[in-house]
Amino acid sequence: MSRRVTIDDVAEKAGVSYQTVSRVINNRPDVSPATRRRVQTVILEMGYRPSRVARSLATARTATIGLMVPDIANPFFSDVARGVEQSAYDKGYSVLLCNTNEDLHREVEVLQMLDDKQVDGVIVCGLRQESDSLCDALARFPAAVLVNRRLESKPLPAILIDDVRGGYLATRHLLRSGHRVIGYVAGPPTSYSGRRRAEGFRQAYAEIGLLPQTDWTCHCLPIVEDGTVAVQQLIHQQPDITGLFCYNDLVAVGALRACAALGLRVPDDMAIVGYDDIQLAALMTPALTTCHIPRNEIGRLALDLLLRQINGSQENNTVIDIEPQLVIRESAPA
């Protein structure tokens, strides 16, 4: 096996110093055009590739960022991750993707691991907790951006979905369709976005002078299987429910399964509204009414915010708001 070409090899063949090759690689101006062309020709001929390790030692940067998500199997987070990775690739950065698997204890551990890897910054999606240890872990990074979460004790740039508005739109749609007893399948009790959607749920009821009962709400993990079980239990306990607002589209798919198992027709017996508008939502039978969230765009915006910090921006309170859009389909028609 041939050995790796080094910067010294390039310098020797080009008849210049190590420092001159380094200046060419880093596009420094203090190199004559003729020397620059000669060095670039030798680099191409020898197939030299600059070492990331060497560059990181020289620049105190690794051109790597960390991305932490609670569940990469959830299409919402995989789509956000795709947006981050595509944008990072275009800008010369690599991404270390870490999945906490909805485990609160792993959040701090993952951040500590990314700190050990000396990433230039982190994007953290859907944090499930706020603790001193978590805030301390985030403080170790030179740059950090949150996706759909704010921390009371630590202001950080964030991409926020207007989940209050989304919860309001979903519930208002069901109310305008004539439903008065609506179940809210609220996702994990620790979910920041779930609590904000609950606020929108209550606002829509307040607008027509009604108050939803607390036992119309249940919690579950944001996955199909837990949604199925939670909806079956909720309908068994509250048989007057005729509409469901679900934390996300995966839970809404679980709700479709639960209704099928209980012999309920959707939307005739039970109307269902999801959230996120993942690709699966339009492919279901019946297709899901849901709130559309531009997930790839969120990833790109988060990466741009992070790079601004890495490059020296001091805008620690920058918040970009994302507006949900209601998409009406067969599971809850107008």
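In this chain, numbering begins with 1 at the start of the sequence shown. All values below were derived from every heavy atom in this structure, side-chain atoms included, with hydrogens, water molecules and symmetry-related copies excluded.
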I65 vs L303, side chain to side chain contact (heavy atoms under 4.5 Å, CB included): CA-CA, chis, key distance, verdict: CA-CA 9 Å; I65 65 164; L303 192 280; 3.3 Å; yes
Distance, nearest 0.5 Å, that separates CG of N296 from CD of Q86: 6.0 Å
Value rounded to 0.5 Å, distance of CD1 in I235 from SG in C259: 4.5 Å
Worked verdict on V119 versus L114 for side chain to side chain contact (heavy atoms under 4.5 Å, CB included): CA-CA 6 Å; V119 297; L114 289 171; 4.3 Å; yes
Y184 six-ring centre to R197 NZ/CZ under 6.0 Å and within 45° of normal: no
Whether over 12 other heavy atoms sit under 6.0 Å from R180 CZ: yes
Side chains of D215 and Q237 in contact at under 4.5 Å (non-hydrogen atoms): no
Residue pair K13, E45: steps toward the side chain to side chain contact (heavy atoms under 4.5 Å, CB included) verdict: CA-CA 10 Å; K13 185 169 182 178; E45 289 176 350; 3.6 Å; yes
Short side-chain donor-acceptor distance under 3.5 Å, Y275 and D163: yes
V95/I123 under side chain to side chain contact (heavy atoms under 4.5 Å, CB included): CA gap, chis, key distance, verdict: CA-CA 10 Å; V95 179; I123 296 172; over 6 Å; no
Side-chain donor-acceptor pair present, S87, Y93, cut-off under 3.5 Å: no
Any L211 side-chain heavy atom under 4.5 Å of Y205 side chain: no
Test item: N99 side-chain N/O and I72 main-chain N/O as donor-acceptor pair under 3.5 Å: yes
By salt bridge (charged side-chain N to carboxylate O under 4.0 Å, His left out) - contacts of E102 (at least two apart): R128
Greater than 12 external heavy atoms within 6.0 Å of R257's CZ: no
Side-chain heavy atoms of R149 within contact of V124, under 4.5 Å: no
Exam field: side chain R106 to backbone N101, donor-acceptor pair closer than 3.5 Å: no
